[in-house]
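The block underneath contains the structure these notes are about, expressed in structure tokens.
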Amino acid sequence: MAFPRDFLWGAATSAYQIEGSPLEGGAGPSIWHRFSHTPGKIRNGDTGDVACDHYRRWREDIALMRELGINAYRFSISWSRLMPGGRGKANPPGRDFYSRLIDALLEAGIRPMATLYHWDLPAELDDAGGWVNRDSLHWFADYAETAFRAFGDRIPLWATFNEPWMTSDSGYRTGAHAPGHRSTAEAARAAHHILCGHGAAVERFRATARGEIGLVVNLEPKHPATDDARDTAAARRADAYMNRQYLDPIFFGAYPVELRELFGADWPLHDLKDFEWIRRPIDFLGVNYYSRGVTRDDPGDPPIRASRTSVEGAERTGIGWEVYPDGMREILAWVKSRYGDIPLYVTENGAAYEDSAPADGVVEDPRRVSFFERHLDAVAAAIAEGVDVRGYFAWSLLDNFEWAYGYSQRFGLVHVDFATQQRIIKRSGLFYREVARSNGAARG
Ligand code: FCB
């Protein structure tokens with residue numbers, strides 16, 4: 001058997017990308033609500049105002065999950081639905097929404113994995129400095145505890161953060177994501193406060209809930225574009241920045257030394273006590289894998305001086321990312337060899353393609369089927385090498401709001417017609433159903 005018994009076969013989503021109704025039931029605006037309503041930030045001026053209307057159609061969506069035969073579902077809790085201004089007491093309609101969702105998932109035999117932060121900071125906290133303000137670690141811990149107290153008896157798997165690198169790099173350094181800042185110094189501070197907030201939330205979790213907690217990182221093997229020594233060094237720097245910046249503090253209690261040099265004056269002085277928090281033991285690590293990073297030396301791109309390049313003639317998905325299945329095996333094996341035998345979940349993996357229109361009740365998406373087949377083979381190969389992978393979550397259950405790309409990139413196992421909200425399972429969804437049903441044996 002390539003996959004262990006009790007393997008989780010899931011699909012993943014996040015709150016702002018699917019829920020819609022961002023201000024319903026007394027919810028407060030998040031930074032993504034604000035950002036998507038700022039002209040010029042999102043392709044086609046799209047917003048998450050309606051998205052997949054999951055806030056109202058969640059029952060239908062759980063029925064779809066049952067049809068897909070998945071036994072796990074990864075979703076995120078919107079902080080500003082649960083605590084509209086980010087602080088204070090829980091907002092009852094927000095709490096009830098997630099409470100009903102969780103109950104219905106459990107009733108359907110679907111194990112929930114809840115992510116506490118999938119990028120949608122309450123706008124009011126951004127006004128107070130967001131992740132650049134050190135208080136953010138306490139705001140987050142208090143919010144986490146509120147969620148643990150509300151749902152901790154029913155959620156077996158918790159992730160504190162989704163992809164902290166994206167929040168720091170795209171949110172604070174390049175500005176492509178909310179809150180849209182452009183400051184290397186802010187990016188370094190935000191990353192550190194997120195890691196402290198993670199550790200503080202793990203501590204609260206141990207005191208208030210049962211179950212398992214970890215975090216979700218996006219990892220990429222960084223490969224040099226050529227065998228020139230400058231590119232090799234650039235790939236190492238890119239690896240320190242994207243991969244090790246987050247995992248070294250968690251597992252070793254220290255940042256990779258080269259980051260301080262690269263960031264120079266923008267690298268903050270860290271209180272050593274923070275690392276006691278950050279390195280609190282976690283129960284699992286979630287890994288999001290989409291592609292590798294082919295990297296070349298680029299003196300014009302501080303602070304890492306490395307940029308992403310593409311391999312000529314490489315196979316790409318519709319969003320332009322190289323299809324590189326062996327990177328999945330490589331990165332899972334790398335986590336084990338560098339950080340030890342921590343249980344892993346692939347918490348996201350998937351592909352955007354321009355799908356053909358639904359015909360005869362199905363969407364034919366052969367390239368996505370092939371993408372999943374090959375990446376599942378790579379997960380199986382990692383398991384065969386002895387990596388403790390316990391589950392796989394396809395990104396995504398539904399076509400949804402793909403951040404700065406708006407609705408232009410479809411990642412779903414299920415097609416969504418955004419004009420009518422009609423859902424149709426794609427061929428890849430039917431394929432995934434067979435995979436889940438056969439515990440991976442039917443993967444092609
Ligand atoms: C990841 C995000 C997820 C989705 C996929 C395509 O970085 O976690 O929300 O946007 O990329």
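As the structure lists them, so they are numbered: ligands from 1, and atoms in each ligand from 1.
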Checklist line | Any Val50 side-chain heavy atom under 4.5 Å of Phe418 side chain | finding: no
Checklist line | Minimal non-hydrogen separation, Arg81 against Gly20, with atom names | finding: NH2-O, 2.9 Å
Note to self: Looking at Tyr324, I'd like to know if the NZ or CZ of Arg292 sits under 6.0 Å from its six-membered ring centre while staying within 45 degrees of the ring's axis.
What the structure shows: yes
Item checked: Ring-face cation of Arg204 near Phe148 (centre distance under 6.0 Å, axis angle within 45°) -> no
Margin query: Taking the cut-offs as 6.0 angstrom to the six-membered ring centre and 45 degrees off its axis, would you call Arg280 and Phe205 a cation-pi pair?
Written below: no
Notebook entry, point to check: So among Tyr117, Trp119, Tyr172, which one has a ring-ring contact (aromatic ring centres under 6.0 Å, His included) with Trp131?
Noted result: Tyr117
One pair per line, please: each N/O atom of ligand 1 matched with every protein N/O atom under 3.5 Å away, atom names first, then the distance to 0.1 Å.
{"from": "ligand 1", "atom 1": "7 (O)", "to": "Glu163", "atom 2": "OE1", "distance (Å)": "2.6"}
{"from": "ligand 1", "atom 1": "7 (O)", "to": "Glu163", "atom 2": "OE2", "distance (Å)": "2.9"}
{"from": "ligand 1", "atom 1": "8 (O)", "to": "His118", "atom 2": "NE2", "distance (Å)": "3.3"}
{"from": "ligand 1", "atom 1": "8 (O)", "to": "Asn162", "atom 2": "ND2", "distance (Å)": "2.9"}
{"from": "ligand 1", "atom 1": "8 (O)", "to": "Glu163", "atom 2": "OE2", "distance (Å)": "3.3"}
{"from": "ligand 1", "atom 1": "8 (O)", "to": "Glu348", "atom 2": "OE1", "distance (Å)": "3.1"}
{"from": "ligand 1", "atom 1": "8 (O)", "to": "Glu348", "atom 2": "OE2", "distance (Å)": "3.0"}
{"from": "ligand 1", "atom 1": "9 (O)", "to": "Gln17", "atom 2": "OE1", "distance (Å)": "2.7"}
{"from": "ligand 1", "atom 1": "9 (O)", "to": "His118", "atom 2": "NE2", "distance (Å)": "2.8"}
{"from": "ligand 1", "atom 1": "9 (O)", "to": "Trp403", "atom 2": "NE1", "distance (Å)": "3.1"}
{"from": "ligand 1", "atom 1": "10 (O)", "to": "Gln17", "atom 2": "NE2", "distance (Å)": "3.4"}
{"from": "ligand 1", "atom 1": "10 (O)", "to": "Glu402", "atom 2": "OE1", "distance (Å)": "2.8"}
{"from": "ligand 1", "atom 1": "10 (O)", "to": "Glu402", "atom 2": "OE2", "distance (Å)": "3.1"}
{"from": "ligand 1", "atom 1": "10 (O)", "to": "Trp403", "atom 2": "NE1", "distance (Å)": "2.9"}

